[in-house]
Asker: 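Just passing along the structure, written as structure tokens.
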Amino acid sequence: MNFPKATSMILLLFISILLSSSNAAPRSKSLSIRLIKDFLSIQNRARAKIHMPPLIWDRRLARYANIYARKRKQDCLLKHSNGPYGENIFWGSGNKWSPVQAAASWVAEGRWYNRQSNSCTGGRECGHYTQIVWRRSKRIGCAKVTCFGGRGVFMTCNYDPPGNYIGEKPY
């Protein structure tokens with residue numbers, strides 16, 4: 001279909017306005033669209049496996065995650081922000097770690113979650129997984145930094161509303 005040049009320009013302008021004004025649009029100064037998709041895809045697949053709706057990217061949470069990740073850039077400590085959101089953190093030595101690897105490590109903890117007892121089996125960690133699949137969590141924002149002095153890569157994802165309440169099942 002051929003459009004007159006003016007119509008094509010208006011259509012392109014309209015599409016760009018729609019994309020830039022959407023609150024859920026995956027735009028972030030600190031993360032590319034590819035990195036955002038990498039953070040989301042594995043986590044949303046884990047949610048889909050148990051029939052939970054997908055998490056939606058949230059710029060406010062991404063901004064929070066980015067501010068905290070930049071604080072960890074100095075020391076790369078695997079330390080939680082203790083903020084108002086649910087939070088998963090990741091650290092890996094070297095500089096080749098990706099959001100896919102961080103999210104996959106969190107999701108892999110699902111094998112240790114026992115739904116009947118609502119606990120982690122064999123003394124293993126599964127809280128990262130339960131935060132990802134927490135039924136009331138709807139929004140997510142993440143960040144990645146390479147730490148100074150070759151200390152590794154630090155990544156964090158924040159979830160709202162938060163999960164992992166003692167005595168409650170994630171789903």
Side-chain angles (χ1 to χ4, degrees), residues 12 15-50 52-111 113 125-164 170-171:
L12 284 173
I15 290 170
S16 67
I17 289 169
L18 277 176
L19 288 174
S20 66
S21 65
S22 171
N23 189 36
R27 296 197 180 265
S28 170
K29 291 180 183 176
S30 62
L31 290 178
S32 70
I33 292 172
R34 176 81 244 151
L35 289 178
I36 292 168
K37 287 180 181 177
D38 288 348
F39 273 121
L40 282 173
S41 64
I42 290 175
Q43 295 185 71
N44 280 336
R45 276 197 303 263
R47 290 176 66 89
K49 280 183 182 178
I50 55 166
M52 299 301 296
L55 295 165
I56 305 297
W57 188 261
D58 184 279
R59 290 185 209 160
R60 177 179 45 91
L61 292 172
R63 194 168 28 255
Y64 179 89
N66 188 46
I67 289 168
Y68 186 66
R70 286 186 307 182
K71 288 180 183 176
R72 294 278 62 92
K73 191 172 186 169
Q74 299 296 322
D75 54 25
C76 221
L77 290 177
L78 198 56
K79 179 178 169 183
H80 284 281
S81 69
N82 297 315
Y85 307 114
E87 183 173 73
N88 283 344
I89 57 175
F90 173 92
W91 172 82
S93 64
N95 62 0
K96 304 283 187 205
W97 294 95
S98 71
V100 168
Q101 292 168 307
S105 74
W106 299 328
V107 168
E109 292 178 4
R111 70 178 165 241
Y113 177 66
E125 175 67 38
C126 65
H128 299 101
Y129 168 75
T130 56
Q131 175 55 78
I132 289 168
V133 298
W134 198 262
R135 71 183 166 277
R136 286 190 298 269
S137 292
K138 306 290 183 213
R139 293 168 297 283
I140 185 174
C142 306
K144 171 188 174 187
V145 295
T146 300
C147 301
F148 292 138
R151 291 189 172 115
V153 174
F154 180 87
M155 290 181 255
T156 180
C157 286
N158 292 98
Y159 305 83
D160 190 44
N164 284 344
Y171 51 89

Asker: Taking W57 for the side chain and K37 for the main chain, is one N or O donor matched with an acceptor at less than 3.5 Å?
Answerer: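 Answer holds: no.
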Asker: Might you work through the side-chain hydrogen bond (donor to acceptor under 3.5 Å, both in side chains) test for Y68 and N158, ending with a clear yes or no?
Answerer: CA-CA 10 Å; Y68 186 66; N158 292 98; over 6 Å; no
Asker: Side chain of N164, backbone of G127: donor and acceptor closer than 3.5 Å?
Answerer: yes
Asker: Rounded to the nearest 0.5 Å, what separation is found between the OG1 atom of T130 and the CG atom of N88?
Answerer: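 It is 8.0 Å, given to the nearest 0.5 Å.
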Asker: Answer whether the closest heavy-atom distance between the side chains of K73 and F154 falls below 4.5 Å.
Answerer: no
Asker: Does the pair N95 and T146 meet the rule for a side-chain hydrogen bond (donor to acceptor under 3.5 Å, both in side chains), with working shown?
Answerer: CA-CA 6 Å; N95 62 0; T146 300; over 6 Å; no
Asker: Would you compute the distance between atom NZ of K71 and atom CG of N66 and round it to the nearest 0.5 angstrom?
Answerer: 11.5 Å
Asker: Can you confirm whether L55 sits close enough to K138 that some side-chain heavy atom of one is under 4.5 Å from a side-chain heavy atom of the other?
Answerer: no
Asker: Taking the side chain as C-beta and beyond, is there a heavy-atom pair between F148 and Q74 under 4.5 Å?
Answerer: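 Counting from C-beta outward, F148 and Q74 do come under 4.5 Å.
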Asker: Is it the case that the side chain of E109 and the backbone of H128 share a donor-acceptor pair, with hydrogens and angles ignored and the cut-off at 3.5 Å?
Answerer: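 Indeed, once roles are kept as given, a pair shorter than 3.5 Å links the two residues.
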Asker: Do W134 and P161 have side-chain heavy atoms sitting under 4.5 Å apart?
Answerer: no
Asker: Considering all heavy atoms of both residues, which atom of H80 and which atom of E87 are nearest to each other, and what is their separation?
Answerer: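 Minimum heavy-atom contact is ND1-OE1, 3.0 Å.
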Asker: With a 6.0 Å cut-off on ring centres, are F90 and W97 close enough?
Answerer: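 Close enough - the centres of the two rings lie under 6.0 Å apart.
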Asker: Could you give the distance from OG (S137) to CD1 (I56), rounded to the nearest 0.5 Å?
Answerer: 12.5 Å
Asker: Locate the shortest heavy-atom distance separating A69 from V145; write the atom from each residue and the value.
Answerer: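 Scanning both residues, the minimum pair turns out to be O-CG2, 3.3 Å.
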Asker: Could you tell me whether the side chain of M155 reaches within less than 4.5 Å of the side chain of C142, counting heavy atoms only?
Answerer: no
Asker: Would a 4.5 Å heavy-atom cut-off, applied to side chains only, mark I140 and L40 as touching?
Answerer: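 In short, these two side chains touch, coming nearer than 4.5 Å.
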Asker: Hey, does the side chain of R47 reach the backbone of P53 with a donor-acceptor pair shorter than 3.5 angstrom?
Answerer: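 A pair under 3.5 Å: yes.
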Asker: Less than 4.5 Å apart, any side-chain heavy atom of V107 and any of I132?
Answerer: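 V107 vs I132: side chains touch.
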Asker: Which pair of non-hydrogen atoms, one from W91 and one from G152, has the smallest distance, and what is that distance?
Answerer: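 Heavy atoms of W91 and G152 come nearest at NE1-CA, 3.9 Å.
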Asker: Between P162 and G86, which heavy-atom pair has the shortest distance, and what is it?
Answerer: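 For P162 and G86, the tightest heavy-atom pair comes out as CB-N, 3.2 Å.
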Asker: Between R72 and K79, is any pair of side-chain heavy atoms under 4.5 Å apart?
Answerer: yes
Asker: I would like to know whether Q43 and Y159 meet side-chain hydrogen bond (donor to acceptor under 3.5 Å, both in side chains); could you show each step before the answer?
Answerer: CA-CA 12 Å; Q43 295 185 71; Y159 305 83; 2.5 Å; yes
Asker: Working to the nearest 0.5 Å, report the span between CD of E125 and OG of S105.
Answerer: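 Here the rounded value is 10.5 Å.
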Asker: Decide side-chain hydrogen bond (donor to acceptor under 3.5 Å, both in side chains) for R60 and Y64; before the verdict, give the C-alpha distance in whole Å, the side-chain angles of both, and the deciding distance to 0.1 Å.
Answerer: CA-CA 6 Å; R60 177 179 45 91; Y64 179 89; over 6 Å; no
Asker: Grab the two heavy atoms, one from D38 and one from P99, that are nearest each other, plus how far apart they are.
Answerer: CB-CB, 3.9 Å
